[in-house]
Amino acid sequence: MFLRSLTCALGLALGLSVDSAASSQEDEFSAFYQEVMVALSNQPRPAFPVESEALIAFTVADDGTLETAEVVQSSGSAPIDAAALLIVENAAPFPAPPEGAKRRLSVTIQSTRPTLSFAN
């Protein structure tokens, strides 16, 4: 399987704002969360022969380093859980979160079976 599909469950609860200061802050939050997802999606994926997913919760420190990371919903496979956790650990450090941004995040890392392709 290639752990290739990341589904972000960053728990964004940004409300609509009416003033430009709040809108600017929301833009900063969105940019931070997007950068975290880019860092996660750029990590190499190991191959496994089963389809599964693991939910990883993690906390980003004020300086962007990884404070904590844990499997909160197992895939049912210790090697897949470990690989999913390693993806998050290797993606750090993240950018420093803007003040007021949620720092406790979660990501669902899905695995799929590898597909065989033939080169011409």
Counting distance only, does the side-chain N/O of [X] pair as donor-acceptor with the main-chain N or O of [Y] below 3.5 Å?
X	Y	result
T65	A61	no
D81	S75	yes
Y33	K102	yes

Once you round to the nearest 0.5 Å, how far does [atom1] of [X] lie from [atom2] of [Y]?
X	Y	atom1	atom2	value
L86	I56	CG	CD1	10.5 Å
N90	N42	CG	CG	12.5 Å
Q110	L55	CD	CG	11.0 Å
L85	I109	CG	CD1	8.5 Å

S52 and S77 side chains, donor-acceptor separation under 3.5 Å: no
Compare all side-chain heavy atoms of [X] with those of [Y] and state whether any distance is below 4.5 angstrom.
X	Y	result
E67	R103	yes
F32	P95	yes
T108	Q73	no

Aromatic contact, F94 with F58 (centres under 6.0 Å): yes
Partner set under salt bridge (Lys or Arg N to Asp or Glu O under 4.0 Å) for E35, not counting sequence neighbours: none
Set of salt bridge (Lys or Arg N to Asp or Glu O under 4.0 Å) partners for E28, sequence neighbours left out: none
Tell me the closest heavy-atom pair linking [X] and [Y], and the distance in Å.
X	Y	answer
F29	A101	CE2-N, 3.4 Å
E99	Q25	O-NE2, 3.5 Å
A39	A91	O-CB, 3.6 Å

Worked verdict on E53 versus I80 for side chain to side chain contact (heavy atoms under 4.5 Å, CB included): CA-CA 8 Å; E53 65 183 33; I80 292 175; over 6 Å; no
